[in-house]
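Worth knowing before you read on, the calculation uses all heavy atoms, side chains too, and leaves out hydrogens, waters and symmetry mates.
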Amino acid sequence: MKTRIASCPIISQESITDRIQRLVLHCPEIAGAAKPGQFVHVRVHPSWDPLLRRPFSVHAADRKNGSIALLYRVIGKGTAFLRSLGNGASVNLMGPLGNGFRLDQSRSRALVMAGGLGSAPAFFLIDRLLEYGRPVIFMWGTRSAEEIFGLDRFRVAGVEIHLATDDGSLGRAGTVTGLLEAFLRESKSLKNLEGFVCGPEPMLAAVQALVAGKPLRVQACLEERMACGTGVCQGCAVRMQSGLYRMVCSDGPVFPIEEVDFGG
Amino acid sequence: MAVDLSVRIGSLVLKNPVLTASGTFGYGTEYSEYFDPSLLGGIVTKTITLEPRAGNPMPRIAETPAGMLNSIGLANVGVEKYITEKLPLLEGLDTAVIANVAGNTAEEYGVLVRRLSGLRRVDAFEINISCPNVRKDGLAFGMDAEATRDVVRCVRSETDKTVIVKLTPNVTDIVAIARAAVEAGADALSLINTVLGMAVDIETRRPLLARVTGGLSGPAIKPIALARLYQVRQSLDVPLIGIGGIMTAGDALEFFFTGATAVEVGTLNFIDPLGSVSILSGLVRYCEGRGISSFSSIIGTLVLES
Ligand SMILES: Cc1cc2nc3c(=O)[nH]c(=O)nc-3n(C[C@H](O)[C@H](O)[C@H](O)COP(=O)(O)OP(=O)(O)OC[C@H]3O[C@@H](n4cnc5c(N)ncnc54)[C@H](O)[C@@H]3O)c2cc1C
Ligand SMILES: Cc1cc2nc3c(=O)[nH]c(=O)nc-3n(C[C@H](O)[C@H](O)[C@H](O)COP(=O)(O)O)c2cc1C
Ligand code: FES
């Protein structure tokens with residue numbers, strides 16, 4: 001797998017909410033190579049402040065147009081600067097990095113769970129699962145209804161969608177783990193089902209606890225602060241149940257959920 | 001016009017003066033997918049200890065203005081795996097390999113160097129004395145002239161290869177430490193290692209690093225590094241390797257003028273894996289543009305009011 005460092009022109013940037021942005025960039029090589037769960041490392045500003053690149057999951061990859069999309073929440077100085085960039089500006093990207101989700105030849109149903117901006121990798125994952133012809137169940141929890149978007153094409157494709165919002169403004173009141181609990185309670189069998197989860201760490205920990213001991217394999221996409229993004233600096237360590245550290249950037253960001261020690 | 005870029009550090013001749021700094025370039029081949037490491041004057045590999053080390057709890061890194069903090073905790077594969085798995089990857093590269101080592105005691109440094117000194121692929125040693133001395137309440141060896149002297153003596157007696165002692169800036173009198181290292185047999189000094197630093201999240205009131213304090217690197221420390229280099233240059237006549245916040249050829253030139261014979265590029269590798277070779281080509285352009293045929297002629301040419 002070849003990783004690129006390239007200056008990529010912005011094709012479009014739109015605001016989904018006042019804090020969530022969708023950025024589309026022209027980078028044919030990354031678009032061609034990217035797999036769901038992989039990320040790009042973005043030099044948001046040409047100066048040395050902010051210094052480090054910012055990691056963002058690939059949200060969509062269009063091989064035909066040679067473009068990728070990122071979905072990001074504006075939370076600090078890097079993402080605030082990224083939002084200020086208009087069409088025609090270029091952003092330096094490194095990627096695709098990390099190991100994506102393992103998608104084998106299985107025909108089993110895919111249960112995709114996303115919390116908040118976990119939808120960034122989850123949408124790309126669902127796109128590819130649908131390309132492979134797999135039935136998809138999508139559970140998505142956000143703060144409120146305004147952060148739910150982009151589901152029409154999944155509905156058309158027959159994805160079974162379950163929504164939850166913290167404030168109850170859409171779907172079930174509560175979190176995506178509430179949806180999972182209900183699903184597990186109501187499911188007669190977990191056979192022929194494979195789980196994928198992307199979201200903040202407390203959510204991943206809750207999903208780990210819910211599926212513990214159940215015959216359901218779940219792959220989780222993790223986040224940790226990063227410097228190099230390529231396994232060199234040893235900065236993005238995550239502790240495994242084995243007691244060993246693995247690097248989120250180069251060993252992950254996707255790990256079998258039962259292997260991660262979320263307490264550590 | 002071809003510029004002669006070679007420089008000499010002790011008995012080690014580097015084909016050019018740009019190296020990569022320990023801990024920022026892995027074991028030397030991690031960035032091979034982006035460029036050929038043979039372009040570099042040398043590679044300083046990640047600090048190696050006798051036993052493998054898993055490293056510190058996370059978060060291990062945090063960003064600060066024009067800088068980053070790290071408390072990686074010298075995570076490394078240990079000397080045996082270094083020899084059997086990492087060094088062989090560097091066979092055939094046309095660049096100097098400088099093994100960086102650290103021990104818990106002065107004797108351990110000696111054991112490490114003895115184990116590595118006979119290996120053809122190790123061209124020189126960089127001695128990391130910024131790590132805690134278990135016999136002195138964890139105070140770093142490099143914060144104490146006597147401890148520094150002990151370490152360098154142990155190392156010197158085990159090898160004829162070039163020994164570079166890497167100084168920490170977190171001391172009151174860096175010249176005293178530098179002098180102790182040279183008196184005990186160091187061929188050269190490299191400086192600086194990271195600067196002790198800390199950052200706090202004001203929402204949670206928690207330190208940004210699990211270990212609370214860590215090492216600051218990047219552009220934020222360049223002025224500190226230059227001042228330390230200048231202080232040591234004024235007092236000692238050994239080759240010095242400048243390290244700290246070097247992001248451009250211009251930054252590197254500041255170190256060369258101040259008296260560095262070579263430079264190590266650190267944090268930049270994380271942001272731009274090609275950064276070290278860009279610096280090298282910038283230095284070549286600088287020399288060509290000014291008709292300088294021998295790079296070493298610019299070293300130590302800082303202009304001071306007399
Ligand atoms: C593999 C991976 C994929 C990611 N994918 C997405 C995505 O698709 N969409 C999205 O909105 N965000 C994503 N994030 C989080 C995103 O990287 C941060 O929100 C972003 O770096 C914040 O930058 P800032 O300058 O605005 O924030 P600041 O708080 O100013 O950043 C300061 C430092 O902390 C780091 N940092 C801050 N928050 C996080 C975080 N949550 N995770 C990791 N590092 C952080 C920054 O990279 C930077 O080094 C991902 C993180 C990882 C590790
Ligand atoms: C993540 C990280 C890990 C480092 N690990 C080591 C190490 O193992 N041994 C060592 O001697 N120095 C280590 N350093 C220090 C660097 O080699 C260098 O001295 C320092 O970062 C200053 O240079 P810079 O500002 O160019 O990064 C590390 C620095 C960073 C940022
Ligand atoms: S960010 Fe450097 S090892 Fe993962």
Side-chain angles (χ1 to χ4, degrees), chain A residues 1-7 33 41-55 75-79 92-97 201 222-240 242-252 260-264, chain B residues 20-21 23-35 46-47 52-77 201 203 208-210 214 216-220 222 245-248 251 266-275:
Chain A
M1 182 192 61
K2 207 79 186 121
T3 308
R4 304 281 166 165
I5 306 177
S7 180
H41 218 17
V42 181
R43 179 100 190 266
V44 289
H45 195 273
S47 81
W48 306 120
D49 189 20
L51 180 66
L52 300 173
R53 288 176 183 264
R54 269 46 177 165
I75 61 161
K77 64 181 170 189
T79 45
N92 189 281
L93 298 192
M94 234 173 116
L97 295 171
E201 195 173 302
L222 271 60
E223 288 185 12
E224 187 57 56
R225 278 187 228 151
M226 290 183 179
C228 69
T230 53
V232 174
C233 75
Q234 305 283 299
C236 64
V238 58
R239 198 201 299 275
M240 295 285 128
S242 64
L244 298 176
Y245 288 110
R246 307 287 302 276
M247 296 306 132
V248 170
C249 67
S250 53
D251 298 320
V260 182
D261 178 1
F262 290 108
Chain B
T20 50
T24 66
F25 205 70
Y27 298 102
T29 54
E30 283 84 342
Y31 283 124
S32 296
E33 144 169 33
Y34 302 99
F35 73 96
K46 175 74 188 168
T47 291
R53 290 177 57 138
N56 285 336
M58 64 276 184
R60 292 178 175 183
I61 51 178
E63 193 186 65
T64 57
M68 70 173 277
L69 291 165
N70 86 80
S71 70
I72 306 297
L74 295 187
N76 78 91
V77 296
D201 181 332
E203 293 299 323
L208 285 181
L209 295 177
L216 182 64
S217 65
K222 192 185 72 171
I246 297 173
M247 311 305 267
T248 65
D251 293 338
T267 302
L268 176 62
N269 296 308
F270 303 151
I271 299 145
D272 179 7
L274 292 164

K.L.:
Could you report the tightest heavy-atom contact between B/Ile61 and A/Ala227, atom names first, then the distance?
P.N.:
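In this case the closest contact between B/Ile61 and A/Ala227 is CD1-N, 3.3 Å.
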
K.L.:
With rounding to the nearest 0.5 Å, note down the distance linking CH2 in A/Trp48 to OG1 in B/Thr248.
P.N.:
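OG1 of B/Thr248 is found 7.5 Å from CH2 of A/Trp48.
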
K.L.:
Please check this pair: side chain of A/Gln234 against backbone of B/Gly55, looking for a donor-acceptor N/O pair closer than 3.5 Å.
P.N.:
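No; zero donor-acceptor contacts below 3.5 Å.
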
K.L.:
Which bit of B/Pro57 is near chain A, if near means a heavy-atom gap under 4.5 Å: side chain, backbone, both or neither?
P.N.:
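Both parts, heavy atoms under 4.5 Å.
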
K.L.:
Can you say whether B/Thr267 sits under 4.5 Å from chain A via the side chain, the backbone, both, or neither, judging by heavy atoms?
P.N.:
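Answer is side chain: those atoms of B/Thr267 sit under 4.5 Å from chain A.
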
K.L.:
Tell me, side chain or backbone of A/Arg43 under 4.5 Å from chain B's heavy atoms, or both, or neither?
P.N.:
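The side chain, not the backbone.
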
K.L.:
Count the heavy-atom pairs under 4.5 Å between each of B/Thr64, B/Leu274, B/Asn70, B/Leu208 and chain A, then report the option with the highest count.
P.N.:
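Greatest number of close heavy-atom pairs with chain A: B/Leu208.
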
K.L.:
Nearest 0.5 Å, what's the CZ-CG distance between A/Arg225 and B/Leu69?
P.N.:
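If we round to the nearest 0.5 Å, A/Arg225:CZ and B/Leu69:CG are 9.5 Å apart.
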
K.L.:
Identify the two heavy atoms, one from A/Gly235 and one from B/Arg60, that lie closest to each other, and give their separation to 0.1 Å.
P.N.:
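Where A/Gly235 meets B/Arg60 most closely, the heavy atoms are O-CB, 3.5 Å.
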
K.L.:
Answer with side chain, backbone, both or neither: which region of A/Glu224 has an atom nearer than 4.5 Å to a non-hydrogen atom of chain B?
P.N.:
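Just its side chain gets close to chain B.
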
K.L.:
Check B/Pro65 against A/Lys77 and note the closest heavy-atom contact, atom names and distance.
P.N.:
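Closest approach of B/Pro65 to A/Lys77: CA-NZ, 4.4 Å.
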
K.L.:
If I measure from the heavy atoms of chain A, does B/Asn56 come under 4.5 Å with its side chain, its backbone, both, or neither?
P.N.:
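It is the backbone, since no side chain atom gets that close.
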
K.L.:
Closest approach of A/Arg53 and B/Ile271, non-hydrogen atoms and distance?
P.N.:
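Nearest heavy atoms, A/Arg53 then B/Ile271: NE-O, 2.6 Å.
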
K.L.:
Where is the tightest heavy-atom contact between A/Cys228 and B/Tyr31, given as atom of each residue plus distance?
P.N.:
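Closest heavy-atom pair between A/Cys228 and B/Tyr31: CB-OH, 3.7 Å.
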
K.L.:
Check each atom of B/Ala220 against the heavy atoms of chain A and say whether the ones under 4.5 Å are side chain, backbone, both or neither.
P.N.:
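Looking at B/Ala220, nothing touches chain A.
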
K.L.:
Using a 4.5 angstrom heavy-atom cutoff, name the option from B/Ala75, B/Gly218, B/Ala210, B/Ala54 with the most pairs to chain A.
P.N.:
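Looking at each of B/Ala75, B/Gly218, B/Ala210, B/Ala54 in turn, B/Ala54 comes out on top.
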
K.L.:
Hey, could you give me the OG1/CD distance between A/Thr230 and B/Glu30, rounded to the nearest 0.5 Å?
P.N.:
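The OG1 atom of A/Thr230 sits 8.0 Å away from the CD atom of B/Glu30.
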
K.L.:
Rounded at 0.5 Å granularity, tell me how far CD in B/Glu33 sits from OG1 in A/Thr3.
P.N.:
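These two atoms lie 3.5 Å from each other.
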
K.L.:
Taking every heavy-atom pair that is under 4.5 Å apart, which of B/Gly67, B/Gly73, B/Pro273, B/Ala66 has the most such pairs with chain A?
P.N.:
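Between B/Gly67, B/Gly73, B/Pro273, B/Ala66, the count favours B/Ala66.
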
K.L.:
Does any heavy atom of chain B fall under 4.5 Å from the side chain of A/Arg246, the backbone, both, or neither of them?
P.N.:
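Looking at A/Arg246, nothing touches chain B.
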
K.L.:
Counting heavy-atom pairs closer than 4.5 Å to chain B, which one of A/Asp49, A/Leu51, A/Val238 comes out on top?
P.N.:
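So the answer, after comparing A/Asp49, A/Leu51, A/Val238, is A/Leu51.
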
K.L.:
Which heavy atom of A/Cys233 sits nearest to which heavy atom of B/Phe270, and what is that distance?
P.N.:
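In this case the closest contact between A/Cys233 and B/Phe270 is CB-CZ, 3.3 Å.
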
